[in-house]
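Just follow the structure's listing: the first ligand is 1, and inside any ligand the first atom is 1. Counting from 1, the numbers follow the sequence of the chain as shown.
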Amino acid sequence: MTSEQQEVFEPPDEIVDKAWISDWQAAEAAAASDPVSYWAERAGELEWSKPWDKVLDDRKAPFFKWFTGAKTNIVTNAVDRHLKSARRNKLALIWVSEDNSKVRTFSYFSLNREVEQMANILKAMGVEKGDVVTIYLPRIPEIFFAMLACAKIGAIHSVVFAGYSAEALGTRIDDSESKVVITADGSWVNGKVFALKDIVDEAVKFSPTVENVIVVANTGTEVAMDTIRDHWYHELTRLPIAKGHCETVQVDAEDPLFILYTSGSTGKPKAILHTHGGYQVGTYTTLRYSFDIKPEDRWWCTADPGWVTGHSYLVYGPLLNGATVFMAEGSPTYPYPDINWQLIEYYGITGFYTAPTAIRTLMRFGDAWVTKHDLSSLRLLGSVGEPINPEAWRWFHRVVGQGHCPIIDTWWQTETGMFQITTVPAMPQKPGSAGRPVFGQQAAILDEAGNEVPDGTEGFLVLKNPWPAMMRTLFKDPDRYISTYWSKYPGLYLTGDAAKRDADGYIWVIGRTDDVIKVSGHRLGTAEVESALVSHPGVVEAAAIGLPHEIKGNAIHASVILANGQQPSRELEEELRTHVAETLSPIAKPDTFDFPEKLPKTRSGKIMRRVLRARALGQDEGDLSTLESD
Ligand code: WT7
């Protein structure tokens, strides 16, 4: 181990003494001795209208089932159960607009009213249990209402990040066969309107399934409305169909709650499927223990609900714990570099969970932007999405956390639904290590042949035990579920990440081992970026790789073979960036380009990304003996 890896921060006593888990060794050992009972006990803290017959059914592994036979609904636990006590009047959600001029707040009581209203409208549009609804909304309260309304009536939500292009959105709408799309006229991005409704119009133009589009008025932008298909949300809410109580449908624990498309190693995004029962137990427990969530907390997770972090730890996890959720529409630096610190100070935020890329961006502005604010309400900080470099960790700890807030680094994936490697606040923190497998989980680091590697050696990170919030399958593609996650090492879940373990059992995640690039914590497949590039008429072939980037973690570098007659130029690079932004998403824009004569390939025709990376970094290209011969 290097000296950096020996750096350890012990949590302050006042945090440990008050935490749900103070004696973490005992809790870890108890869960390890009987993970299934551990999860059954956690599930017992939530409401089930019919108890389960079996906690874990592994007869058809790796198609694991949890809490089979039970009836429940995540909304029963995230909303309804809080209405039965004085908690009904506490704030469930505080929302602030991008320019910090508008604030909307909802108690649990009024959140329920909003969810009922949206659910009534969906029902009136013919949405039934098992139907998929696509949600393409910015970070505004209606995204909470929409997700919870779908869950309440047993429909499956498919949230698409409101920054994806019409093409990407259209593919996801069609693949999921959505009948309804919920969107807004626009979203605010750094003071400018991003025209969401126009993108939806383009995406559903040839959609065979979409019958209704609900449009939330957010930016006041003028949009085209199809008289039959499109409906303003505020007009729908005035109709009698929107009014009155809406019962939360009790579904099977294993009924689907949502699908969420994520990038993999091929061009086609994977639709990860999560279910009501296990997912609620997993997100409730992990947020509770790792971030020591208590009802009096004001919790701010900066993630967008378009990603899994937003699903699990902005919407569901905190509501399941009866906390107050804080959500801001804007970016971390708009309208000014201390907007986050101002909001933390004003709203008394106690837990702040964000991404390394945001921390690095804010660090650049200097300490004074932070220290001029009173951040004494903060108790715990969190990081997610990519490995956090120790320098950013220390700054976050020293300046934002004033030296006394533990930083909870959380390693997990869209597929895992909940944290897998993290710490609880009572554990010592090591900057750069995500921590230890969550209670009830075991991880291993394997070599190519499947043997565990010695401590300190890099290998493939796998998870050994099933866990309640695990994905159940890939929607409509069970074979790919097996081949992607369960084939390399049968019986073990392949994460796709490389990692090392140290002598204390802490795991140090290094990064992806497959064709996935994490750019500013966002997950992109090289194949998606390549097909976006190739759809430009001037491009014959393209290869995308990730290169280290100071702020983004990784940035995309594209090697592009141009069509005859095309010349490399700055203008062409800019045109290709715009093209990728429009056909995939602005987050997928390549930072840098090169325009070689041909791409290095193996004899079987596979692009040798290792060689491209070495070239782009000006390093030795290594062994080229498997290069395709002319
Ligand atoms: C991939 C999953 C689930 C949260 C959002 C990302 C990387 C995620 C960490 C972390 C090191 C991390 C991994 C993982 N990753 N969190 N704390 N430390 N790496 O979800 O988009 O499905 O991406 O993000 O490479 O496999 P996702």
Side-chain angles (χ1 to χ4, degrees), residues 159-161 163-164 258-265 269-274 279 282-283 286-287 290-291 301-317 353-359 381-390 392-393 396 407-423 429-438 443 458 460-463 467 469-471 474 484-485 493-501 506-525 528 546 552-554 585 587-588:
V159 181
V160 178
F161 174 63
Y164 271 118
F258 67 85
I259 54 174
L260 184 57
Y261 288 88
T262 190
S263 301
S265 47
K270 300 183 280 196
I272 308 293
L273 183 124
H274 285 286
Y279 180 80
T283 53
T286 46
L287 186 64
S290 277
F291 284 97
C301 160
T302 65
D304 192 282
W307 315 115
V308 77
T309 309
H311 282 62
S312 298
Y313 299 111
L314 172 63
V315 178
Y316 289 114
Y353 182 40
T354 193
T357 185
I359 298 166
L381 300 172
S383 174
V384 62
E386 55 172 323
I388 179 165
N389 48 312
W393 196 104
F396 201 31
I407 294 179
I408 309 298
D409 188 356
T410 61
W411 179 94
W412 58 298
Q413 309 176 302
T414 309
E415 291 87 340
T416 70
M418 61 181 232
F419 307 151
Q420 291 297 312
I421 296 168
T422 181
T423 53
Q429 324 282 322
K430 300 191 187 192
S433 162
R436 315 170 64 81
V438 292
E458 191 177 325
F460 296 96
L461 175 66
V462 297
L463 301 172
W467 62 98
M470 66 198 302
M471 81 180 128
L474 294 179
T484 311
Y485 305 101
Y493 172 81
L494 183 72
T495 64
D497 280 21
K500 307 189 254 197
R501 180 166 38 203
Y506 277 58
I507 307 232
W508 300 74
V509 173
I510 293 152
R512 301 289 309 189
T513 59
D514 54 6
D515 296 334
V516 168
I517 312 176
K518 299 290 317 233
V519 181
S520 299
H522 298 315
R523 177 165 163 175
L524 291 163
E528 288 173 296
K552 300 181 188 180
N554 294 291
S585 165
I587 55 184

Fill in: Sub-4.0 Å heavy-atom environment of ligand 1, residues by chain
Val308, Thr309, Val384, Gly385, Glu386, Pro387, Asp409, Thr410, Trp411, Trp412, Gln413, Thr414, Asp497, Val509, Arg512, Lys518, Arg523
Fill in: Criterion ring-ring contact (aromatic ring centres under 6.0 Å, His included) against Tyr493, the qualifying member of Phe460, Trp412, Trp467
Trp467
Response to the item:
Sequence neighbours excluded, the answer for side-chain contact (heavy atoms from CB on, under 4.5 Å) partners of Glu386 is Pro356, Thr357, Arg360
Fill in: Partners passing salt bridge (charged side-chain N to carboxylate O under 4.0 Å, His left out) against Arg436 (at least two apart in sequence or in another chain)
Glu28
Practice prompt. Take Tyr313 and Thr410 through the test side-chain contact (heavy atoms from CB on, under 4.5 Å) and record every step on the way to the result.
Written response: CA-CA 11 Å; Tyr313 299 111; Thr410 61; over 6 Å; no
Worksheet entry | Any donor-acceptor pair under 3.5 Å from His274 side chain to Ile259 backbone | no
Item to complete: Could you pull out all residues at least two apart from Thr302 that satisfy side-chain contact (heavy atoms from CB on, under 4.5 Å)?
Response: Trp300, Phe352, Thr354
